[in-house]
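Since the structure comes first, as C-alpha cells, the remarks are kept for the end.
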Amino acid sequence: MDTKEFRQRGREMIDYIAEYMESVGERRVTPDVEPGYLRDLIPSKAPYEGEGWPEIMADVETKIMPGVTHWQHPRFHAYFPSGNSFPSILGDMLSDGIGAIGFSWAASPACTELETIVLDWLGQMIGLPSDFLSFPENSIGGGVMQSSASECVLVCLLAARAQKIKELKALHPFVEDGVLLSKLVAYCSKEAHSCVEKAAMIAFTKLRILDPDADLSLRGATLAQAIEEDKAMGLVPFFVSATLGTTSCVSFDNLAEIGPIAEEAGTWLHVDGAYAGNAMICPEFKYLMKGIEHAMSFNCNPNKWLLTNFDCSTMWVRDRFKLTQALVVDPLYLQHSHSGKSIDYRHWGIPLSRRFRALKLWFVIRNYGVAGLQNYIREHCRLAKCFEALVREDDRFEVCNIVRMGLVCFRLKGNDNNDLNKKLLSNINESGKLHMVPAAVHGKFVIRFCVCAQDAKDSDIEYAWDVITEYATELLEAEIVKEKSGLPLDVLEHSNEEVGQVAHKVEISELMDLMERVHMPIQKQNSIASIGRQGSLASVGRQQSLAIIGRQQSLASIGRQQSLAYIGEVGNNLSEGGEQETANKPRQRPSLAKRLSKRQFSFTDTIEFVGMVNTAQDESMNP
Ligand code: PLP
C-alpha cells in the first residue's frame with residue numbers, strides 16, 4: 001500500500017468506523033456464534049502473495065463482525081464502559097502514525113513530557129494531593145500511564161515488596177531475602193478485583209483477604225485486627241490494596257478509616273479506582289476519596305469511564321523513587337545524557353516499549369473539557385438511578401447494591417433464587433436483546449446492569465427494563481406451569497447441556513391431566529402453541545411457556561425462549577369429547593381436548609413424550 005492508496009483506504013476506514021458507530025444499535029449486541037466459528041471461515045495458512053484491500057475489507061463484514069461483541073452498543077450493559085470517543089480514536093490514530101516508542105525521554109521527548117503534563121492535569125481534576133503530581137516544587141511524586149489496572153496494582157505491590165525487603169534487610173542484614181519474603185503479607189477485601197490476588201501470586205507474597213462490612217466496604221477495624229494478628233505471628237504487613245468502586249457492585253472501601261491504619265503499620269497503601277476513580281473529577285463524589293492522603297499510590301482507568309480508548313490506565317505515586325527502585329535496570333544502550341533531569345518511564349513499569357498514549361487522553365480532555373467529562377459521568381449516574389427506581393417499583397425484584405455510580409445490581413427476590421436469576425440472565429443474553437453479566441453479592445447471584453453507552457438515554461433504560469421484565473414474567477409464569485404440572489422435578493430440571501432433553505413417558509390421560517392442571521396460567525398467557533407434525537416451528541412464538549409440537553421436529557430449532565416444551569405426538573384419542581372414563585383410562589377433559597384439536601395436532605396413537613427444559617449455560621459469577 002503506497003501513500004496514495006493509504007489516503008483512499010484511510011478515508012474509507014473512517015467512513016466505515018463512523019458508519020459502524022452510528023448504526024451499531026441495529027446489530028445484535030452479542031454474536032450468535034460457537035467457539036471455533038472463525039476457523040471454518042479463514043484459511044489455515046497465511047497468503048503467500050499479498051491480497052487486495054477490498055478483499056480484506058469484505059471479510060471484515062462477513063467474517064469478523066459476526067463474531068464481535070459490540071461494546072459500544074446501546075444495549076450493552078455488561079462489565080464497565082469501554083471508553084471510545086472520536087477524539088480518542090483520532091489520538092490513537094496519530095500515535096500509530098507517529099509510531100514512536102517512548103520508553104525514555106530521549107527515545108521521544110514529547111511522549112514523556114506530554115504524559116507527565118496530562119497526568120498532572122488529570123491528577124488535579126481528580127483531586128489527588130499535590131505530592132502525587134510531578135510539577136509542584138520539590139515533589140517526588142508523579143503520574144504514569146500503564147496498560148491496565150492489573151499492571152498498576154502489580155507494579156505497586158512489587159515496589160512495596162522491594163521497599164519492605166530493603167527495610168528488613170537493614171534490620172537483619174544476614175537473613176536471606178527469601179526468608180524475609182516469606183514473612184510478607186498483603187491485605188485486600190473480598191470484594192477487591194482478582195488482579196490483587198494475581199499480583200500477590202506473581203510476587204510470591206501472602207495475601208490476606210478480609211471480610212467487608214454489610215455495605216461491602218472494607219473497614220479500618222477489620223484491617224487493624226488482621227494486621228495485629230499477623231504481627232503477633234511474626235509476619236510483616238507490607239501492602240494494602242483498597243478499592244474505590246469494586247467490580248461486582250461498585251462498593252467503596254472506607255479509605256478514611258483504612259488510610260491511617262495502613263500508614264501507621266508501615267504498609268504501602270494502594271487505592272484502586274479502576275472504574276469509579278474517574279468519577280472523582282466531579283466534586284460531589286470526592287468525599288469517597290477521604291483518606292487518600294495516606295495512600296502511596298492510586299490508579300483509575302480513563303479507558304473505562306473517561307471516554308478514552310483502551311489502553312489507558314493512569315497511576316500516580318507519592319514517591320517515584322520508591323516505585324522505581326523495584327523496577328530499575330539500566331543497560332548502557334538505554335542511558336542518555338538527560339537522565340538526571342528527565343523522567344524515563346521505562347523505570348515505572350514492566351514493558352520497555354511504550355506507545356504514545358498520552359495523545360489520546362490529551363485530545364479527550366481538551367475536546368470535552370472538564371465540564372464535558374463531568375456531564376458524561378453525571379449522566380451515567382443519573383440513568384443508573386432511573387434504572388434503580390424502575391427495579392424498586394417492581395416488587396418481584398430487589399436492588400442489591402448502593403447505587404452511587406453507573407451500576408445497578410439486581411435480582412428476582414427469594415433466598416433460593418440463584419438458579420432462577422441465572423436462568424433469567426441467560427435467557428436475556430441469549431435473546432441478543434441486551435447484554436449483562438452476573439456477580440456474586442453477599443453470596444447471591446445478582447445481575448449487573450451497567451450504563452455503558454457513551455450517549456445512553458432514558459429510552460435505553462426503559463427499553464432494557466421492558467426486556468428484563470418481559471423475560472422475568474415469562475420465566476416466572478413458566479415456573480408456575482412447572483409447579484402446577486406436578487411432573488417430577490428431576491424430569492423438568494434435568495439438563496446436561498444447554499438444552500437438556502429427557503424422555504418422559506406419559507399416558508395420554510396423564511398429559512390431559514397435566515394440561516388441565518396448568519390450564520389456568522396458560523390460558524392467562526394465551527400461550528398454548530400446538531403444531532402438527534409438519535407444522536412450522538417458526539410459528540412457535542417467543543412468549544410460549546408451553547409448546548406442544550410434533551415428534552419429528554428438531555429440538556435445536558425450538559426458539560430459545562421456551563421455558564418448557566413437550567415434544568411428542570398426541571394420541572388420536574384427543575378427539576372432541578374425549579373418551580369415556582374407565583379403570584384404565586380416566587376421564588378426558590373434553591373442553592381442553594376440543595381446544596387442542598382445533599389447533600390441528602397431528603394425531604397418532606403414540607403417547608411417548610419428551611420433556612425439554614430450556615437451561616441456557618450458566619454465566620461465570622464474576623466479570
Ligand atoms: N480493579 C477494578 C476495581 C476493576 O473493576 C477492574 C476491572 O474491571 C480491574 C481492577 C482490572 O482492570 P484491568 O482490566 O485494567 O486490568
Side-chain angles (χ1 to χ4, degrees), residues 69 71 76-84 126 144-158 186-202 207 209 212 216-218 239-255 258 269-280 285 288-289 292 295 297-306 308-316 349-351 355 357 360-361 377 380 384 401-402 404-409 435-441 446 448-452 619-623:
T69 299
W71 283 60
F76 183 94
H77 299 288
Y79 315 107
F80 284 131
S82 166
N84 184 32
I126 286 171
V144 60
M145 282 181 170
Q146 311 280 10
S147 300
S148 66
S150 308
E151 218 174 297
C152 296
V153 170
L154 174 62
V155 295
C156 290
L157 186 136
L158 293 176
Y187 303 86
C188 70
S189 151
K190 252 187 197 159
E191 291 298 315
H193 190 268
S194 57
C195 68
V196 182
E197 202 174 333
K198 191 185 247 189
M201 201 168 85
I202 295 170
L207 175 69
I209 299 175
L216 299 173
S217 167
L218 180 62
F239 183 76
V240 177
S241 187
T243 313
L244 295 185
T246 58
T247 316
S248 299
C249 63
V250 187
S251 59
F252 289 77
D253 287 341
N254 192 324
L255 209 51
I258 292 170
L269 174 61
H270 177 73
V271 179
D272 176 10
Y275 163 72
N278 296 286
M280 303 304 142
F285 293 128
L288 293 162
M289 270 181 64
I292 190 73
S297 51
F298 173 85
N299 77 272
C300 66
N301 285 18
N303 66 249
K304 283 192 180 2
W305 207 19
L306 218 54
T308 310
N309 287 64
F310 186 81
D311 53 345
C312 183
S313 188
T314 44
M315 177 187 121
W316 293 262
I350 290 163
R355 300 172 62 234
R357 287 178 291 217
K360 61 185 167 192
L361 186 55
I377 299 258
H380 276 201
N401 67 327
I402 301 174
R404 297 180 178 111
M405 305 279 147
L407 181 86
V408 183
C409 295
H435 187 39
M436 298 177 290
V437 290
V441 172
V446 304
R448 292 169 83 264
F449 177 90
C450 192
V451 182
C452 290
E619 305 276 339
S620 69
M621 288 291 269
N622 277 313

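Just follow the structure's listing: the first ligand is 1, and inside any ligand the first atom is 1. Scope of the values below: all heavy atoms of this structure, side chains included, with no hydrogens, waters or symmetry mates.
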I'd like to check which ligand 1 atoms, numbered from 1 as shown, lie under 4.0 Å from a non-hydrogen atom of T247.
2 (C), 3 (C), 4 (C), 5 (O), 8 (O)
Are S297 and H270 close enough that a side-chain donor and a side-chain acceptor fall under 3.5 Å?
yes
Top protein contact for atom 16 (O) of ligand 1, by heavy-atom distance
S150 OG, 2.5 Å
Can you check side-chain hydrogen bond (donor to acceptor under 3.5 Å, both in side chains) on N303 and D311, steps first, answer last?
CA-CA 6 Å; N303 66 249; D311 53 345; over 6 Å; no
Where is the nearest protein heavy atom to atom 13 (P) of ligand 1: which residue, which atom, and how far?
A149 N, 3.6 Å
For side-chain contact (heavy atoms from CB on, under 4.5 Å), just list the numbers for I209 and V196, CA-CA rounded to whole Å, side-chain angles, deciding distance to a tenth of an Å, and then say yes or no.
CA-CA 10 Å; I209 299 175; V196 182; over 6 Å; no
When you look for heavy atoms under 4.0 Å from ligand 1, do you find them on the side chain of N303, its backbone, both, or neither?
neither
For R357 and S147, does a side-chain donor sit closer than 3.5 Å to a side-chain acceptor?
yes
Just jot down the ligand 1 atoms closer than 4.0 angstrom to any heavy atom of G245, in number order.
3 (C)
Short question: side chain of K360, backbone of T308 - any donor-acceptor pair under 3.5 Å?
no
Would you kindly specify which portion of K304 sits under 4.0 Å from ligand 1, judged on non-hydrogen atoms: side chain, backbone, both or neither?
side chain
Among protein heavy atoms, which lies nearest atom 3 (C) of ligand 1, and at what distance?
D272 OD2, 3.4 Å
Pairing donors with acceptors under 3.5 angstrom, does anything connect the side chains of S217 and S251?
no
For atom 6 (C) of ligand 1, closest protein heavy-atom neighbour
H193 CD2, 3.3 Å
Number the atoms of ligand 1 from 1 as they appear, then name those within less than 4.0 Å of a heavy atom of N301, with their elements.
15 (O)
Mutual orientation of the aromatic rings belonging to Y79 and H435 [parallel < 30°, tilted 30-60°, perpendicular > 60°]
perpendicular
Taking G406's backbone N and O only, do any of them form a donor-acceptor pair with Y275's side chain (distance below 3.5 Å, no angle check)?
yes
Any N/O of T246 closer than 3.5 Å to an N/O of ligand 1?
no
One residue to check: F80. Relative to ligand 1, which of side chain, backbone, both or neither has a non-hydrogen atom less than 4.0 Å away?
side chain
